[in-house]
Amino acid sequence: MRYRCRFAAVAALLSFSILVSSAHAALEFTPLASFPASPGGFGYGATAAALGDGRFIVWDGDAIHIQTARRADGFAVAATGYDGDPGFIAVAPDGRTCLLGAGFTGDIYRFDAAAPGPPEVVANAPHFSAVFIGEDLLLIDSAEDLGGWVFAASLDILDLSVEPPALRRVVAADRGASAALSLDPTGRYLFAADGMTGETRPFSVGALLNAFE
């Protein structure tokens, strides 16, 4: 029995070692040589997101590129004519509907990764970053420039279930600059970063939805 337990312990340790080695191997990043980082149109950079199937979607200020397969070092142009300064790509819960924020122009495009089509502007609103918090609700981080490097940041929700889409403020403007937004894996909490102070503030998604309603 003692040897059997020792064998079980060694086997467990070996399995753990393999898992650790695999985890370390997964952390080794390899640059994608074909990543479309060069801006097109009059954009000043490229922005990317992950579709529901795990492939990258990249927008360079003109063309929309979609990764040919997960982990593949290859991208194919899915559509062109999406002019703007790439601010964000927000992928809806369905994994295929994308909203693209064109930065200083305020235009927000809708794009179907499964059925690419010509550019469709669904709204125009100040924005910096955005993330879906529901099937048809896009949370937008924006900031009003008060001059002299002073800003008033706010959180707004764009309701895509109505026509035309309606914009409603859910967190009043306050001193600070807009930056990145991120949802936790459960979708219950939103984290908003302040571009001026470096602070990151948590919000309950439920509270944001209550404010919207």
Side-chain angles (χ1 to χ4, degrees), residues 40-43 46-53 55-66 77-145 152-174 178-183 186-192 203-213:
F42 58 86
T47 188
L51 296 173
D53 60 8
R55 293 178 299 158
F56 277 122
I57 178 170
V58 183
W59 177 36
D60 67 7
D62 171 33
I64 295 176
H65 312 254
I66 298 179
V77 174
T80 58
Y82 286 76
D83 295 331
D85 178 21
F88 66 82
I89 299 178
V91 181
D94 64 13
R96 54 180 276 182
T97 302
C98 305
L99 290 191
L100 289 68
F104 65 86
T105 69
D107 285 343
I108 298 178
Y109 295 103
R110 179 160 46 201
F111 176 78
D112 187 345
E120 175 194 9
V121 176
V122 295
N124 185 281
H127 61 263
F128 189 86
S129 180
V131 64
F132 274 93
I133 58 171
E135 293 291 336
D136 300 300
L137 298 178
L138 181 76
L139 185 76
I140 298 174
D141 188 7
S142 63
E144 180 184 358
D145 187 351
S154 62
L155 296 179
D156 307 314
I157 290 180
L158 181 67
D159 184 2
L160 298 163
S161 68
V162 297
E163 190 59 42
L167 189 70
R168 189 176 302 172
R169 181 151 295 172
V170 292
V171 176
D174 195 4
S178 52
L181 295 177
S182 181
L183 283 175
T186 68
R188 296 172 55 196
Y189 296 98
L190 173 96
F191 298 90
F203 295 87
S204 162
V205 171
L208 295 172
L209 293 174
N210 287 338
F212 172 76
E213 295 170 358

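The model shown is predicted, which means the values in this text are computed figures rather than measured ones. Just the heavy atoms: all of them, side chains too, but no hydrogens, waters or symmetry mates, feed the values below.
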Undergrad: Donor-acceptor pair, distance only, cut-off 3.5 Å: does the side chain of Tyr82 make one with the backbone of Pro118?
TA: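 At least one qualifying donor-acceptor pair exists.
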
Undergrad: Taking Gly81's backbone N and O only, do any of them form a donor-acceptor pair with Asp62's side chain (distance below 3.5 Å, no angle check)?
TA: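 Yes; judged by distance alone, with no hydrogens or angles, the pair exists.
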
Undergrad: For atom CZ of Phe111, decide whether the heavy atoms of other residues, nucleotides or ligands shown that lie under 6.0 angstrom number more than 12.
TA: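 Result for CZ/Phe111: enclosed.
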
Undergrad: Do Asp83 and Thr105 have side chains that get closer than 4.5 Å, going by heavy atoms?
TA: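 The answer is no, as the side chains (C-beta and beyond) never meet within the 4.5 Å cut-off.
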
Undergrad: Determine the minimum heavy-atom distance between Ser154 and Ala172, stating which atoms define it.
TA: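 The pair with the smallest heavy-atom distance is CB-C, 4.2 Å.
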
Undergrad: Any carboxylate oxygen within less than 4.0 angstrom of a Lys/Arg side-chain nitrogen, looking at Arg55 and Asp53?
TA: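 Yes, this pair counts.
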
Undergrad: Using every non-hydrogen atom in the two residues, find where Leu139 and Val170 come nearest and quote the distance to one decimal.
TA: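 Where Leu139 meets Val170 most closely, the heavy atoms are CD1-CG2, 4.1 Å.
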
Undergrad: How long is the span from the CG atom in Leu138 to the CZ atom in Phe88, to the nearest 0.5 Å?
TA: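 Separation between the atoms: 5.0 Å.
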
Undergrad: Checking His127 side chain against Gly103 main chain: does a donor-acceptor pair fall under 3.5 Å?
TA: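 Side chain of His127 to backbone of Gly103, a donor-acceptor pair under 3.5 Å: yes, one is there.
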
Undergrad: Quick check on side chain to side chain contact (heavy atoms under 4.5 Å, CB included): which of Val121, Val122, Ile64 does Tyr109 satisfy it with?
TA: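 Single side chain to side chain contact (heavy atoms under 4.5 Å, CB included) partner of Tyr109 among Val121, Val122, Ile64: Val121.
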
Undergrad: Is atom CZ of Phe132 surrounded by more than 12 heavy atoms (other residues, nucleotides or ligands) closer than 6.0 Å?
TA: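 Yes, enclosed.
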
Undergrad: So, the side chain of Asp156 versus the backbone of Ile140: is there a donor-acceptor pair under 3.5 Å, distance only?
TA: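 Answer holds: no.
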
